[in-house]
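Reminder, nothing fancy here: chain letters follow the sequence lines and each chain counts from 1. Hydrogens, waters and symmetry mates play no part in the numbers below; they use all other heavy atoms, side chains included.
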Protein chains: 2
Amino acid sequence: MPVPRDAASRRSGIPDATVARLPIYLRVLGAFAESGLPTVSSEGLAAAAGVGSAKLRKDLSHLGSYGTRGVGYDVEYLVYQISRALGLTQHYPVAIIGVGNLGHALANYAGFGTRGFQIAALVDADPRRAGEVIAGIEIRHLDELETIIKEHEISIGVIATPAAAAQDVCDRLVACGVTSVLNFAPTVLAVPESVDVRKVDLSIELQILAFHEQRKSAGLHGEPGVAVPDVVRTSVASA
Amino acid sequence: MPVPRDAASRRSGIPDATVARLPIYLRVLGAFAESGLPTVSSEGLAAAAGVGSAKLRKDLSHLGSYGTRGVGYDVEYLVYQISRALGLTQHYPVAIIGVGNLGHALANYAGFGTRGFQIAALVDADPRRAGEVIAGIEIRHLDELETIIKEHEISIGVIATPAAAAQDVCDRLVACGVTSVLNFAPTVLAVPESVDVRKVDLSIELQILAFHEQRKSAGLHGEPGVAVPDVVRTSVASA
DNA sequence: CGTCGCTTGTGAACAGGTGCACAAAGCGCT
DNA sequence: AGCGCTTTGTGCACCTGTTCACAAGCGACG
């Protein structure tokens with residue numbers, strides 16, 4: 001008997017799909033809070049977040065039973081509970097490696113600071129950029145990477161380097177004790193199992209859109225092209 | 001009898017999860033092609049793409065039976081087939097709305113051009129930026145949005161504006177006939193059902209990492225804090 | 001104080017995706 | 001030609017996530 005336990009709770013008690021949506025709820029709730037709205041129903045919150053109300057309720061039920069039947073959820077309280085569940089009550093220092101166009105944009109992105117993240121360091125491989133100040137942070141040279149990471153006890157690294165440098169930078173980050181990496185470089189990073197990597201790839205998203213775009217236009221023009229024998233055909237059971 | 005048909009093939013023949021991975025395969029294959037490698041096994045390709053070999057084979061099987069048993073897949077041919085399946089054989093013009101830090105980075109991002117996407121227009125709300133040239137494209141004012149979209153027959157729009165402007169811009173894009181939107185603004189966009197929206201949110205990714213980070217450190221410090229009664233416990237069946 | 005309407009929280013059915021394991025199929029060597 | 005090695009393609013069981021539908025719970029109002 002290998003202790004089956006519930007597979008979802010084996011890792012953390014909160015399913016991955018739910019974790020991925022909590023930040024959205026958090027943002028929407030923030031907007032509601034600013035409007036002075038005291039409570040929201042699952043229906044209202046779900047609509048604003050672009051999900052079904054049942055899904056939202058199930059998501060929230062994984063954090064506990066906050067919410068009052070017949071009334072809804074207290075906005076402030078729910079913000080706090082989601083923040084706590086996500087671990088945003090503690091402040092994580094992050095380092096951004098690579099201050100090209102994208103790194104520049106990230107350093108100036110307000111969304112980081114407002115959610116408990118603090119950009120502790122900017123690092124670039126170009127010596128000429130060292131000393132430059134962006135968003136109030138001085139750029140330092142890649143050679144100092146190890147020193148900087150340990151100095152600030154950074155556990156989250158953001159890679160915004162060219163693809164060719166990404167794996168090397170990643171290895172060095174991991175060697176310094178970084179356990180979470182957000183990768184913007186178009187490469188698949190190899191890391192030990194204990195390290196979490198999330199990737200954001202602009203071009204992949206576009207390609208996915210292109211696929212759906214193709215599907216639409218194929219349907220529209222009625223091209224017999226690939227394989228779109230679709231059209232539902234609800235009641236053509238005539239033999 | 002409502003024609004059950006296979007749910008996956010109802011929409012396009014290729015499951016969404018597979019479509020999301022095809023661009024990764026494509027990129028890895030591109031690297032292999034540059035190395036002059038003529039063929040790859042599912043094992044080799046899967047390792048480079050960071051997925052299991054069975055999953056890769058199942059993914060590829062959805063496009064057809066390209067690949068030779070005992071040998072593997074012809075790199076060049078597979079590149080072509082995946083490109084075709086994704087609809088990258090035709091060139092999609094895209095417009096980027098909002099040329100702040102992020103829009104600037106996107107305009108200079110080489111990954112777009114190399115995959116059959118062409119940045120046809122840059123648009124910004126700030127009149128002072130109109131006329132400025134970035135990546136060889138002249139920035140034009142938001143007022144001309146409708147004209148530009150129709151002029152270039154753009155069906156894919158990239159929104160890189162501040163959150164406050166995103167919904168408005170999106171509505172205008174949709175009104176002009178744009179059917180796919182890539183949204184970088186931290187907002188949930190409301191669109192008609194016929195329009196595809198994909199969102200990329202930098203801060204959400206970080207928050208997801210923070211969650212896992214929290215989980216790790218909680219386990220390490222042995223804090224009884226939330227609910228982490230983990231550690232697998234393979235054979236502690238002693239009562 | 002009882003009743004009524006509204007909203008949460010959840011059990012259960014369902015759908016989609018993943019991974020295993022193996023039969024089918026090609027290649028090269030003898 | 002035949003044999004054995006390799007690798008694909010896929011049926012099947014599992015598991016995660018989604019959706020439905022409803023009982024339980026809470027407040028308001030008469």
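Under the side-chain hydrogen bond (donor to acceptor under 3.5 Å, both in side chains) criterion, no residue pair touches residues 87-98 of chain B, with sequence neighbours excluded.
Rounded to an integer number of Å, the gap from CG of A/Asp59 to C1' of C/dT8 is 14 Å. Rounded to an integer number of Å, the gap from CG of B/Leu60 to P of C/dT18 is 14 Å. We find that CG of B/Leu63 is positioned 10 Å from P of D/dG9, with the value rounded to whole Å.
Partners of B/Tyr109 according to the ring pair (Phe, Tyr, Trp, His ring centres under 6.0 Å) rule, which considers only residues two or more places apart in sequence or in another chain, are B/Phe112. A search for side chain to side chain donor-acceptor pair (under 3.5 Å) contacts involving B/Thr39 returns nothing, not counting sequence neighbours. A search for salt bridge (Lys or Arg N to Asp or Glu O under 4.0 Å) contacts involving B/Arg69 returns nothing, not counting sequence neighbours. A search for side chain to side chain contact (heavy atoms under 4.5 Å, CB included) contacts involving B/Ala95 returns B/Ile97, B/Ala121, B/Ile149, B/Ile154, not counting sequence neighbours. For the salt bridge (Lys or Arg N to Asp or Glu O under 4.0 Å) test, residues two or more places apart in sequence or in another chain that qualify with A/Arg21 are A/Asp59. Listed by chain and residue number, nothing satisfies the side chain to side chain donor-acceptor pair (under 3.5 Å) test with A/Ser41 (two or more places apart in sequence, or in another chain). For B/Gln81, the side chain to side chain contact (heavy atoms under 4.5 Å, CB included) test picks out B/Tyr66, B/Tyr77, B/Arg84, with sequence neighbours left out. Judged as a side chain to side chain contact (heavy atoms under 4.5 Å, CB included), and not counting sequence neighbours, the contacts of B/Ser53 are B/Ser42, B/Glu43, B/Ala46, B/Arg57.
Using a 4.0 Å cut-off on heavy atoms, none of the residues of residues 33-44 of chain B approach DNA chain C. Less than 4.0 Å separates DNA chain C from at least one heavy atom of each of the following residues of residues 67-78 of chain B: B/Thr68, B/Arg69, B/Val71. Across residues 45-57 of chain B, B/Arg57 each have a non-hydrogen atom less than 4.0 Å from an atom of DNA chain D (numbered order).
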side-chain contact (heavy atoms from CB on, under 4.5 Å) between A/Leu22 and B/Gln207: does it pass, once the steps are laid out? CA-CA 9 Å; A/Leu22 288 180; B/Gln207 289 173 59; over 6 Å; no

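At a cut-off of 3.5 angstrom, the base of D/dT19 holds at least one donor-acceptor pair with the side chain of A/Lys58.
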